[in-house]
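Below is one structure; the comments refer to it alone.
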There are 2 protein chains.
Amino acid sequence: MELRHLRYFTVVAEERHFGRAAKRLQIAQPPLSRQIHALEAELGLRLFDRTRRGVVLTAPGTALLARSQAVFEALDQAITAAHRAQAGELGRVVIGYVASLAYVGIADVLRAFRAAQPEVELVVRELSPQEQLASLKDGRIDVGFVRGPVTDAGLTTAVARREPLVVALPNGHRLARRARIEVAQLAAEPFVIAPRARGPAYFDLLMGLCRTAGFAPRIVQEAPQLDLVSLVAAGFGVAIVPESLRKMGRPGLVLRPLVGAPHTELLIVWRTSDSSPALARFLELARRALK
Amino acid sequence: MELRHLRYFTVVAEERHFGRAAKRLQIAQPPLSRQIHALEAELGLRLFDRTRRGVVLTAPGTALLARSQAVFEALDQAITAAHRAQAGELGRVVIGYVASLAYVGIADVLRAFRAAQPEVELVVRELSPQEQLASLKDGRIDVGFVRGPVTDAGLTTAVARREPLVVALPNGHRLARRARIEVAQLAAEPFVIAPRARGPAYFDLLMGLCRTAGFAPRIVQEAPQLDLVSLVAAGFGVAIVPESLRKMGRPGLVLRPLVGAPHTELLIVWRTSDSSPALARFLELARRALK
DNA sequence: GCACCGCGATACCCAGAAGGTATCAGACGA
DNA sequence: TCGTCTGATACCTTCTGGGTATCGCGGTGC
């Protein structure tokens, strides 16, 4: 069966007259008769009782007519959904993010996007920068948020936000009295830092900073990013972190500007080849929300 | 768009490969490519990203695929419904019945039919025999239950049940002491009877009975059939009724066999031209339930 | 009673589109 | 670099959907 059969059947059933139905369908009456016959033959059912002054539906015809509407509606919905997906209003975006963003960035982005595109399904995965790049490549996520440069071929980045680095100190720390801190003043401090494997770009950036200031940092604890500030607050050492962590309002922690340190860049990363309209919408809104 | 396009699209989407899809569809690969192209052109959407080792769905393609299933399901349901209607398992039967049957016949029939064909909608209308015949002809009801012969052209009848006539007397009536009553013994009694207009056949039958016994009945009250026995119980007079009224178990009423009276026939009536399978099923089950 | 009219069915033709075969173009892997 | 695998293209064939002319059959009106 083809939709043509169902369309023709519906019109004949509504008109109760082959001639009028043919006119409405912009075809001649004989081919219409033939198509209805073909439909009846395929179903093995008589759909109409042909009388002298028109046609009446049989019981199977009545049943078919009542349910044909649902077929056309389902088709309309399918087509509409395809167009909406093209417009980025429908679909699914899987997002990777680093733990340090959980408190200060992602929530705003998700909220803004959900408000704008409520029918795009959002899935978030907390992943280290390294894991994000790998997940992007094999399609487990569609977009990632990382710090530090990304040089992978096949991935495109955009700077979502630039922010200064600051020193995180435990309350009452000797340096906490100072309004701003030089990198060299940290030479003797124990450092808490995320393992290089989780984000080599950021790790190497910090190492470079210290080396430039003339020392190699004493790393007392390598912590996943999430717990980093907790360790600092607990007095294990100091850490160099993006300024936006201030928004966490974590007690027991003091943040001081780091003089001479470069700004860090929060990057949005996605597959260059990914042409999903939902992703495009997401990128657009994410960049706006993070500005 | 035709269903062919959607079928082809679905298979290509599932196989992610034009060659394999074409094999599954029993056609060659080039026409399959062409049909997909035509579908994309009609929708104004790219549904697949053609890569070197196959094909991947785009966002609109994914959306369309997810909803295509619903189209095919709706179609299956429509076709199934048509076949079930043909089998008399689906549809609608509108039933007319005389009030005297409300208590002793219809309920059994409806119960039996509903149990056997729960998805056939049953509509019942209480109508006089005359109204039933008229309603049958213009399609307001599909089947009627009446007493007395029906001679209308275009209507077919079947005897659902034959039963004797009995005399209904109020409690304590002079004749109630007798085990059986002759028609002639009623000559002096006041009669309660339904108006001729509501059922001429039955009316004429009773008149004939009395005339044969040598008297013309004294009609004190013409009541719609429903209230007939109430009037008898209230002492307005006697009535001649089908024996099945005994099942009502109405207090204040005595029923006595009427000697020499013919049996009355409960008839099922329907349009000869009506070929509704649901009606056929109903007739079959009604006759069985009334046996 | 007869002719006419209105309806769907049938016969036959044509054109367009679906499907087939052969082949191309490009990317990937050996 | 060549072979292979992919979908696309070119071109032909076949089938079928649609057109016109006409039929058959009731019902209707004179």
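Computed from heavy atoms alone, side chains included, the values below leave out hydrogens, waters and symmetry copies. The sequence lines fix the lettering, A, B, ..., with proteins before strands; numbering per chain opens at 1. Note that this is a predicted model, so its numbers are computed, not measured.
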| Residues in contact with DNA chain D, drawn from residues 30-46 of chain A - heavy-atom cutoff 4.0 Å | A/Pro30, A/Pro31, A/Arg34, A/Gln35
| B/Phe48 near the nucleic acid: base, sugar-phosphate alone, or nothing, with a heavy-atom cut-off under 4.0 Å? | nothing
| How is B/Glu2 classified with respect to the nucleic acid when contacts are heavy atoms under 4.0 Å: base, sugar-phosphate, or nothing? | nothing
| task | Please state how far atom CZ in B/Arg50 lies from atom C1' in C/dC24, giving the value in whole angstrom units. | result | 17 Å
| note | Applying side chain to side chain donor-acceptor pair (under 3.5 Å) to A/Arg24 and not counting sequence neighbours gives A/Glu14, A/Glu15
| All side chain to side chain donor-acceptor pair (under 3.5 Å) counterparts of A/Glu284, not counting sequence neighbours | A/Arg281, A/Arg288
Partners of [X] by side chain to side chain contact (heavy atoms under 4.5 Å, CB included), sequence neighbours excluded?
X        : result
A/Ala112 : A/Ala289
A/Glu121 : A/Arg92, A/Val123
B/Ala70  : A/Ala74
A/Ser128 : A/Gln130, A/Glu131, A/Arg198

| task | Could you list where the contact with chain A starts and ends along DNA chain D, reading 5' to 3', using a 4.0 Å heavy-atom cut-off? | result | D/dG17 to D/dG26
| remark: The salt bridge (Lys or Arg N to Asp or Glu O under 4.0 Å) partners of B/Arg7 (sequence neighbours excluded) come to A/Glu2
| remark: With sequence neighbours left out, the residues meeting salt bridge (Lys or Arg N to Asp or Glu O under 4.0 Å) with A/Arg16 are none
| Minimum heavy-atom separation for A/Leu285 to A/Ala116, with atom names? | CD1-CB, 3.5 Å
| Which parts of residues 14-25 of chain B get close to DNA chain C, meaning a heavy atom less than 4.0 angstrom away? | none
| Please, which pairs that meet salt bridge (Lys or Arg N to Asp or Glu O under 4.0 Å) have at least one residue in residues 61-82 of chain A, sequence neighbours excluded? | none
